[in-house]
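The structure appears right after this line, and notes come after that.
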Amino acid sequence: MPKQSTSVRALQAALAKIATPERAESSAWFFKTGPGEYAEGDRFIGVRVPDLRRAALQHREMELDGIAELLTSAIHEHRLAALEILVAQFEKGDVNERKEIFRFYLAHIAGINNWDLVDASAPYIIGAHLRSGSRRLLDRLAKSNNVWERRIAIVATFAFLKQGEVETTLRIAEMLLADKHPLLHKAVGWALRESGKVSEEALLQFLHEHYSRLPRTTLRYAIERFPPERRARMLRGDFD
């Protein structure tokens, strides 16, 4: 058996060893894998995220071919483990290695198909790579027919917020205000809330300008850091 396949099998075996049927059942419900739900057909074996992360990082030197194999697995935890490894490699990599991982991520984006997979990787690879370059990729992803690509577009901007920049987050948020998917309502609201930590003035201006277009869930997430009485006024459109 090739060395790379041995590494993949070893990680899969390690995850299986710490999996439980009870957690698998709970995760399948929590991540909406039933018929007609957003993650229909996704399969869980039942591994706690901290345990998964520890197991994955023991294989942080895995080559991209092995990571690609994990990202095509039907098992959710295999894909999450692949992304944990990929993020670790990106953070340690030099400029060329980061560029390769960024391109690899986009080439294997089909395997990043649940909200936790997006949130665990998009800011740390896509956002981190785009901090010093063009952001046009995010516009393209925000216009995608794929809900996960649209979520990547907004969640990736957390990398910019971390550097004190709100402009890209607000621009992508505006592009997604008409999105019908509840997961995007939450993600955009989350991003707006975090943008308010960088610039409360910019957040209030955005909310005032777009109040009539804001999904209620988005607005509630965006203002949850404010005191209760002020939140009540904001829900009525009063942002003074």
Please table the atom pairs, donor to acceptor, closer than 3.5 Å between any side-chain atom in residues 231-238 and protein atoms at least two apart or in another chain.
unit_1: Arg231; atom_1: NH1; unit_2: Phe226; atom_2: O; d: 2.5
unit_1: Arg236; atom_1: NH1; unit_2: Ala232; atom_2: O; d: 3.4
unit_1: Asp238; atom_1: OD1; unit_2: Asp240; atom_2: N; d: 3.2

Please tabulate, for the side chains in residues 13-26, all donor-acceptor contacts under 3.5 angstrom to protein atoms that are two or more places apart in sequence or on a different chain.
unit_1: Thr20; atom_1: OG1; unit_2: Arg23; atom_2: N; d: 3.2

In residues 33-41, what donor-acceptor pairs under 3.5 Å come from side-chain atoms, sequence neighbours left out?
unit_1: Thr33; atom_1: OG1; unit_2: Ala28; atom_2: O; d: 3.0
unit_1: Glu37; atom_1: OE1; unit_2: Thr33; atom_2: N; d: 3.4
unit_1: Glu37; atom_1: OE1; unit_2: Gly34; atom_2: N; d: 2.7
unit_1: Tyr38; atom_1: OH; unit_2: Trp115; atom_2: NE1; d: 3.1
unit_1: Glu40; atom_1: OE1; unit_2: Gly36; atom_2: N; d: 3.0

Can you give the donor-acceptor pairs under 3.5 Å from side chains of residues 91-100 to other protein atoms, not counting sequence neighbours?
unit_1: Asp94; atom_1: OD1; unit_2: Asn96; atom_2: N; d: 3.1
unit_1: Asp94; atom_1: OD1; unit_2: Glu97; atom_2: N; d: 2.8
unit_1: Glu97; atom_1: OE1; unit_2: Asp94; atom_2: N; d: 2.9
unit_1: Arg98; atom_1: NE; unit_2: Phe90; atom_2: O; d: 2.8
unit_1: Arg98; atom_1: NE; unit_2: Gly93; atom_2: O; d: 3.3
unit_1: Arg98; atom_1: NH2; unit_2: Glu91; atom_2: O; d: 3.1

When the side chains of residues 145-152 are checked against the rest of the protein, which donor-acceptor pairs come out under 3.5 Å, sequence neighbours left out?
unit_1: Asn146; atom_1: OD1; unit_2: Trp148; atom_2: N; d: 2.8
unit_1: Asn146; atom_1: OD1; unit_2: Glu149; atom_2: N; d: 3.2
unit_1: Trp148; atom_1: NE1; unit_2: Asn113; atom_2: O; d: 3.4
unit_1: Glu149; atom_1: OE1; unit_2: Ser144; atom_2: OG; d: 2.8
unit_1: Arg150; atom_1: NE; unit_2: Asp179; atom_2: OD2; d: 2.4
unit_1: Arg150; atom_1: NH1; unit_2: Ser144; atom_2: O; d: 3.2
unit_1: Arg150; atom_1: NH1; unit_2: Asn145; atom_2: O; d: 3.3
unit_1: Arg150; atom_1: NH2; unit_2: Asp179; atom_2: OD1; d: 3.2
unit_1: Arg150; atom_1: NH2; unit_2: Asp179; atom_2: OD2; d: 3.3
unit_1: Arg151; atom_1: NE; unit_2: Asp119; atom_2: OD1; d: 3.0
unit_1: Arg151; atom_1: NH1; unit_2: Leu183; atom_2: O; d: 3.0
unit_1: Arg151; atom_1: NH2; unit_2: Asp119; atom_2: OD1; d: 3.4
unit_1: Arg151; atom_1: NH2; unit_2: Asp119; atom_2: OD2; d: 2.8

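Nearest heavy atom pair, residue Ala142 against residue Ala153, reads N-CB, 3.6 Å. When all heavy atoms of Glu77 and Ile45 are compared, the pair lying nearest together is OE1-N, 3.1 Å. Summarising the geometry of Arg131 relative to Ala159, their closest heavy-atom pair is CD-O, 3.7 Å, with the distance given to 0.1 Å. In terms of heavy atoms, Leu80 sits closest to Ala120 at CD1-CB, 4.1 Å. Taking both residues in full, the closest heavy atoms of Ala81 and Ala56 are given as O-CB, 3.8 Å, listed atom of the first, atom of the second, then distance. In plain terms, the two heavy atoms of Ala173 and Ile154 that are nearest each other are N-CD1, 3.8 Å.
Using a 4.5 Å heavy-atom cutoff, the side chains of Arg220 and Thr217 are not in contact. A heavy-atom distance below 4.5 Å is not found between the side chains of Met175 and Leu138. Residues Leu207 and Tyr211 fail the side-chain proximity criterion, which asks for heavy atoms closer than 4.5 Å. For the pair Ser195 and Leu170, the minimum side-chain heavy-atom distance is below 4.5 Å. Side-chain contact between Leu70 and Gln12 is present, with at least one heavy-atom pair separated by less than 4.5 Å. Residues Ile109 and Leu141 form a side-chain contact, since some pair of their non-hydrogen atoms from C-beta on lies under 4.5 Å apart. The shortest distance between side-chain heavy atoms of Phe206 and Val166 does not fall below 4.5 Å. Between Ile67 and Phe104, the closest side-chain pair of non-hydrogen atoms falls below 4.5 Å.
For Tyr124, the OH atom counts as loosely surrounded, since its 6.0 Å shell holds 12 or fewer non-hydrogen atoms of other residues, nucleotides or ligands. Counted within 6.0 Å of CD on Glu201, heavy atoms from surrounding residues, nucleotides or ligands total 12 or fewer; the atom is thus considered open.
Side-chain N or O atoms of Ser199 include none that pairs as donor or acceptor with a backbone N or O of Gly196 at under 3.5 Å. Between the side chain of Gln89 and the main chain of Met62, a donor-acceptor pair closer than 3.5 Å is present.
Between the OG1 atom in Thr157 and the NZ atom in Lys162 there is a gap of 13.5 Å [rounded to 0.5 Å]. Interatomic distance, CG of Leu176 versus NZ of Lys143, reported as 11.0 Å (0.5 Å rounding). Atom CG of Leu161 sits about 3.5 Å away from atom OG1 of Thr169, to the nearest 0.5 Å. Interatomic distance, CD1 of Ile85 versus CG of Leu11, reported as 5.5 Å (0.5 Å rounding). If you take OH on Tyr221 and CD on Glu224, they are separated by 7.0 Å, rounding to the nearest 0.5 Å. Atom CG of Asp42 is separated from atom CD1 of Ile75 by 8.5 Å, given to the nearest 0.5 angstrom.
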Evaluate the side chain to side chain contact (heavy atoms under 4.5 Å, CB included) criterion for residues Arg103 and Leu106: first the C-alpha distance (whole Å), next the side-chain angles of each, then the deciding distance (0.1 Å), finally the verdict. CA-CA 5 Å; Arg103 291 172 175 169; Leu106 292 176; 5.9 Å; no
Applying side chain to side chain contact (heavy atoms under 4.5 Å, CB included), run through Asn114 and Val118 and close with a yes or a no. CA-CA 6 Å; Asn114 211 320; Val118 171; over 6 Å; no
Salt bridge (Lys or Arg N to Asp or Glu O under 4.0 Å) for Glu165 and Arg135? Distances and angles first, verdict last. CA-CA 13 Å; Glu165 181 213 315; Arg135 312 283 170 81; 3.1 Å; yes
Walk me through it: do Ser73 and Arg79 pass the test side chain to side chain donor-acceptor pair (under 3.5 Å)? CA-CA 7 Å; Ser73 173; Arg79 303 196 303 281; 5.6 Å; no
Apply the test side chain to side chain contact (heavy atoms under 4.5 Å, CB included) to residues Leu184 and Thr218: give CA-CA distance (whole Å), side-chain angles for both, the deciding distance (0.1 Å), then the verdict. CA-CA 8 Å; Leu184 267 297; Thr218 299; over 6 Å; no
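Sequence neighbours left out, not one pair with a member in residues 208-218 passes salt bridge (Lys or Arg N to Asp or Glu O under 4.0 Å). Screening residues 155-192 for ring-ring contact (aromatic ring centres under 6.0 Å, His included) gives Phe158-Trp190 as the qualifying pairs, with residues at least two apart or on separate chains. The stretch residues 39-59 participates, sequence neighbours left out, in these ring-ring contact (aromatic ring centres under 6.0 Å, His included) pairs: Phe31-Phe44, Phe44-His76.
Applying the side-chain hydrogen bond (donor to acceptor under 3.5 Å, both in side chains) criterion to Lys32, with sequence neighbours excluded, gives no partner residue. Scored by the salt bridge (charged side-chain N to carboxylate O under 4.0 Å, His left out) test, Arg225 finds no partners at all (sequence neighbours excluded). Every side-chain hydrogen bond (donor to acceptor under 3.5 Å, both in side chains) that Arg54 has, sequence neighbours left out, goes to Asp51. Taking the side-chain hydrogen bond (donor to acceptor under 3.5 Å, both in side chains) definition, one finds that Ser27 meets it with nothing, sequence neighbours left out.
There is a path of hydrophobic side-chain contacts, each under 4.5 Å, that joins Phe30 to Val49.
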